[in-house]
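A short write-up of the structure that comes next.
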Amino acid sequence: MTTLVTGGTGKTGLRLALLLDKNRHSVLLASRSGSAPGLVPLDAVEFDWLDESTYANPFSRTSESSRSITRIYLVAPTSTTDCLPPMKAFIDYARKEHNVKRFVLLSSSALPEGGPAMGRVHAYLKEIGKEGVWFMDNFANDRAGLIRDEDRVVSATGTGKIPFVAADDIAQAAFDALTATTSVDSDLFVVGPELLSYDEAASRLTTLLDRPITHTKLSFDEHVDFAASTFLPNREYAKVLTALDIKISEGLEQKVFESEEHRGNRFVGKVRFNDWAAKQNMSVWKKA
Ligand SMILES: NC(=O)c1ccc[n+]([C@@H]2O[C@H](COP(=O)([O-])OP(=O)(O)OC[C@H]3O[C@@H](n4cnc5c(N)ncnc54)[C@H](OP(=O)(O)O)[C@@H]3O)[C@@H](O)[C@H]2O)c1
């Protein structure tokens, strides 16, 4: 039984793959390059969501029955917002041709079922009635370059608060769902242990780095322009992510963290922001 981890070179995928391997589960990383990052000693396969000719690769790699793929962690491609067509095509292929029954989808709390980007994939997993699990992922983007070079973080979240969650905690939640004897078969909201605004996160970084770090608050349009000209060249993707920021400014993430309604399907991570930050390689934030 092998778990295929798409986005296997990314923030949550790689951590999940290492966790599975450490617990003696067979795991296969999927990435466009077909190799694991750096010195990571894990098996990897070439896989591109946008190239259907690569869809069979993971299954031919694990053709012996003892290694057949039974579970898949789904991380949407970051190069397009129209993720349903390729993800639906691969999910259908994996189910119909290879009898894969368990899927765990990494999504975002701010993307409702049926909504844009992964929201449509979430709805599709529900529709086919399979053991799909929708994860809410909400953790800090890597803003290291801006912090290092301009001493600031930038967002359209205003004073909205976020339960920042570490990728390690998301990987643990995905591990639990993928390896559970019975499928979780529902949405799981993965949150960190405390609510912080970007102002508060900047203030904590100020203390940690011993120099002032500020939070620049932008409007929707300003943030789309900023994101599209810096870290998100795909303007449509920049719009989707900025719309999530606006929802945060309206209190959406705080509601998920605090509401009784979500208490039963909430996975609260253990890692606090200060502990996470202190463990990072400080050179990414330090001036050259
Ligand atoms: N970062 C956040 O705060 C955050 C919050 C909520 C939701 N998410 C969601 O989490 C997912 C990951 O985003 P991230 O920014 O954190 O990136 P990431 O996981 O650090 O990296 C993206 C991963 O996706 C893979 N990938 C991208 N395009 C691909 C393609 N066409 N075919 C196959 N693999 C592809 C990359 O692999 P290769 O480059 O090696 O091919 C890499 O492993 C996205 O769906 C994002 O919307 C992220």
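Both ligands and their constituent atoms are indexed starting at 1 by order of listing. Just so you know, residue 1 is the first one in the sequence shown, and it goes up from there.
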Tell me if the centroids of the rings in [X] and [Y] come within less than 6.0 Å of each other.
X      : Y      : answer
Phe90  : Phe47  : yes
Phe164 : Tyr198 : yes
Phe189 : Phe267 : no

Near [X], which atoms of ligand 1 are under 4.0 Å from a heavy atom of that residue?
X     : result
Gly7  : 23 (C), 24 (O), 25 (C), 43 (O)
Ser31 : 40 (O), 41 (O)
Phe47 : 32 (N), 33 (C)
Thr9  : 36 (C), 37 (O), 38 (P), 40 (O), 42 (C), 43 (O)

Any N or O on [X] sitting closer than 3.5 Å to an N or O of ligand 1?
X      : result
Gly10  : yes
Ser33  : no
Ser107 : no

Is there a path from Ile246 to Ile248 through hydrophobic residues (I, L, V, M, F, W, Y) whose side chains come within less than 4.5 Å of each other? no
Closest to atom 41 (O) of ligand 1 (judged by heavy-atom distance), picking from Glu46, Lys11, Met118, Arg32: Arg32
Nearest-0.5 Å distance that lies between atom SG in Cys83 and atom CZ in Arg120: 8.0 Å
Within residues 15-24 or reaching into it, pairs that qualify as side-chain hydrogen bond (donor to acceptor under 3.5 Å, both in side chains) - sequence neighbours excluded: Arg15-Asp168
Could you see which bit of [X] sits under 4.0 Å from ligand 1, with heavy atoms only: side chain, backbone, both or neither?
X      : value
Val75  : side chain
Leu14  : neither
Tyr237 : side chain

Between Thr80 and Asp82, a side-chain donor and acceptor under 3.5 Å: no
Look only at the side chain of Arg266 and the backbone of Val256, and say whether a donor-acceptor pair between them is shorter than 3.5 Å. yes
